Amino acid sequence: MAKVMIIYYSRSGNTKKMAEFISEGMKKEEAIDVEVKPVQECRVEELLGADGILIGSPTYYGSMASEVKKLLDDSIKFHGKLDGKIGGAFSSSGNIGGGNETTIMGILEALLIHGMIVQGTPKGDHYGPVSIGKPDERSKRLCIEYGRRIAKLVLTTRRDL
Ligand SMILES: Cc1cc2nc3c(=O)[nH]c(=O)nc-3n(C[C@H](O)[C@H](O)[C@H](O)COP(=O)(O)O)c2cc1C
């Protein structure tokens, strides 16, 4: 089984819901073990055991929540050890143009620095799924599709680290 962690921060449940939809999409692929957990309960050591790591954050002032940034900063402990894993990001914001894409890109920057592999998409939400407030039907669909797409990528690129 390939293992994927979906780690999120969420105060009012919107990003959490996105994480659950992404997980739903991943589970459409066999041989994927998905763990969804709030960032506050995630120990940085757990990142080492995952083949794929997806991180979701609400958009706070156009960027990720400090709780998510802390996990990324703490991950310096394993700098070089996440090389080659699959990464991805998603975000919920209050407004269209409220900074959800910059939030995603901020997370992806850190994952790329770790040497992780990130896949965009030519259709839908290019950098990773976004939601304006509570995920609507469009956002739900894109989260599920994203989960499935990333699961496929994990299964095709998985290697023993
Ligand atoms: C401190 C703070 C800063 C925020 N900054 C932004 C922002 O810059 N742009 C935006 O569109 N929404 C902003 N919001 C709204 C949240 O991104 C939005 O409500 C989001 O859906 C919350 O996700 P959650 O339910 O997972 O906590 C902010 C909310 C808070 C509490």
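First listed ligand is number 1; within each ligand, the first listed atom is number 1. Positions are given from 1, in the same order as the sequence printed here. None of these values were measured; they are calculated from a predicted model.
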Worksheet item: Does E30 CD have over 12 foreign heavy atoms under 6.0 Å away?
Response: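 Incorrect, the count does not exceed 12.
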Worksheet item: Under 6.0 Å from the NZ atom of K134, do we count more than 12 heavy atoms belonging to anything else shown?
Response: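 At most 12 heavy atoms, drawn from other residues, nucleotides or ligands, come within 6.0 Å of this atom.
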Fill in: By side-chain hydrogen bond (donor to acceptor under 3.5 Å, both in side chains) - contacts of D33 (at least two apart)
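Partners of D33 by the side-chain hydrogen bond (donor to acceptor under 3.5 Å, both in side chains) criterion come out as none, since no residue qualifies.
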Discussion item. S63: which residues meet the side-chain hydrogen bond (donor to acceptor under 3.5 Å, both in side chains) condition with it, sequence neighbours left out?
Written reply: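 Here no residue qualifies.
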Worksheet entry | Contact residues of ligand 1, where a non-hydrogen atom lies under 4.0 Å away |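 Protein residues near ligand 1 are S10, R11, S12, G13, N14, T15, P58, T59, Y60, Y61, G62, S92, S93, G94, N95, G98, G133.
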Fill in: Under 3.5 Å donor-acceptor, Y146 side chain and A89 backbone
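Yes, the answer is positive, given that a donor and an acceptor are paired below the 3.5 Å cut-off.
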Worksheet entry | Pairwise ring pair (Phe, Tyr, Trp, His ring centres under 6.0 Å) hits with a residue in residues 14-53, at least two apart |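 As it turns out, there is no ring pair (Phe, Tyr, Trp, His ring centres under 6.0 Å) pair with a partner in residues 14-53 once direct neighbours are skipped.
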